[in-house]
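The block underneath contains the structure these notes are about, expressed in structure tokens.
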Amino acid sequence: MPRMLITGGAGFIGSHLCNFFIEKGFEVICMDNLLTGSLDNIEHLFGQERFSFIKQDVTNFIHIPGELDFILHFASPASPIDYLDFPIQTLKVGSLGTHKVLGLVKEKKARFLLASTSEVYGDPLVHPQREDYWGNVNPIGPRGVYDEATRLAEAMTLAYQRFHKLDTRIARIFNTFGPRMRRGDGRVVPAFILQALRGEDLTVFGDGLQTRSFCYISDMVEGIYRLLTSEYTGPVNLGNPREMNILDFGKKILQLTGSSSRIVFKPLPEDDPQVRQPDISLAKKVLKWEPTVSLEEGIKLTLEYFQQKLKLKQED
Ligand code: UDP
């Protein structure tokens, strides 16, 4: 039975990976310091024999007894509001945390997968973004803590791959959404859905003409699995190439929820990327992967989750 460590396993993407690999028959050790992750995301796994949880900050020395076949490094705050609230922790987990995890990878001779991000492209001057684009990042802006820490994490991963001959993979993850996204983390998908469900104004930042491309979580998890089990060792973009502007996205949420909320405009956060769309030709070629869940279908599934959450809250 393969044995796997997932750092950040109580987070949004991390917890879906825990589920996925438990279902595939793996033994999964989930590590999280619960700074932005939540036990709510993994509590349904606690009864499982092949699942265990360790509450730890990965910037401290990590000791895991026994062998490990795979290590997935998903620990990091991952929303613009979190970078403002936890700038030092964001820098530390991408730099010191990745260093500690790579030390463990070396010790265990495990296969490693780094959760990198489209933020390594910054506010991109090349559109759509391909893996060979080096990006346009402001190192000293509010998002710099995340962008630069992740760029360092990629550099460190490649250094360990070249120097210590580690077996590594890098997923550049674009905007992903679905159940278990955190309420109140400021991300546009939970923000708009909750505003629409509560009949509050939808807060579009700037003129709303900035674009994003949203990938449903089950597609992302499948892409990560294919990358992990492939022999391709360079960075690979994972995301849904369907691009839309945020204003249209807000209108789509209103249409799908049937909400009569209004759209209001708020100031654009600093360094908010103007465009973002993954070029996934590489993933199609080397992983035979592309998203299959439509935006409408994904929103519907996410809506059901948030409706349920709101209902439970009202019953409290
Ligand atoms: N956004 C918005 N209203 C919100 C939250 C976000 O208009 O209430 C915009 C944000 O300015 C950005 C896009 O939606 O242009 C996506 O934001 P998110 O925080 O989800 O992720 P990002 O892609 O910026 O990391």
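Quick note: numbers below take in every heavy atom, side chains included, and nothing from hydrogens, waters or symmetry partners. Numbering of ligands and ligand atoms starts at 1, following listing order.
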Is V120 linked to L238 within one hydrophobic cluster, defined over Ile, Leu, Val, Met, Phe, Trp and Tyr using a side-chain heavy-atom separation of less than 4.5 Å?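 In one cluster: no.
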So if you build clusters from Ile, Leu, Val, Met, Phe, Trp, Tyr with side-chain heavy-atom gaps below 4.5 Å, do M181 and L295 land together? yes
On a heavy-atom basis, I'd like to know which of V188, N175, D272 is closest to atom 10 (C) of ligand 1.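 Looking at heavy atoms only, the winner is D272.
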Option set M181, Q274, R143, criterion heavy-atom distance to atom 24 (O) of ligand 1, minimum: R143
Number the atoms of ligand 1 from 1 as they appear, then name those within less than 4.0 Å of a heavy atom of [X], with their elements.
X: A191; value: 8 (O)
X: P80; value: 19 (O), 25 (O)
X: R276; value: 22 (P), 23 (O), 25 (O)
X: V204; value: 7 (O)
X: E119; value: 25 (O)

Would you call the rings of [X] and [Y] parallel, tilted or perpendicular, where under 30° means parallel and over 60° means perpendicular?
X: F26; Y: F70; value: tilted
X: F174; Y: Y121; value: tilted
X: H164; Y: Y160; value: tilted

So which heavy atom in the protein is nearest [atom], and how far is it from that ligand atom?
atom: atom 8 (O) of ligand 1; value: T203 OG1, 3.0 Å
atom: atom 21 (O) of ligand 1; value: R187 NH1, 2.6 Å
atom: atom 7 (O) of ligand 1; value: F205 N, 2.7 Å
atom: atom 5 (C) of ligand 1; value: G186 O, 3.2 Å
atom: atom 13 (C) of ligand 1; value: I246 CD1, 3.6 Å

Charged N to carboxylate O below 4.0 Å: is that the case for [X] and [Y]?
X: E222; Y: R226; value: yes
X: R182; Y: D82; value: yes
X: E119; Y: R143; value: yes

Hey, does F249 sit under 4.0 Å from ligand 1 if you only count heavy atoms?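 No, F249 has no heavy atom closer than 4.0 Å to ligand 1.
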Less than 6.0 angstrom from the centroid, inside 45 degrees of the normal: does K100 satisfy that with respect to the ring of F61? no
Are any non-hydrogen side-chain atoms of E231 and R169 less than 4.5 angstrom apart?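 Sidechains of R169 and E231: in contact.
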Checking contacts here: is it the side chain or the backbone of K266 that comes within 4.0 Å of ligand 1, counting heavy atoms only? Could be both or neither. neither
So, is Q195 polar-close to ligand 1, with some N/O to N/O distance under 3.5 Å? no
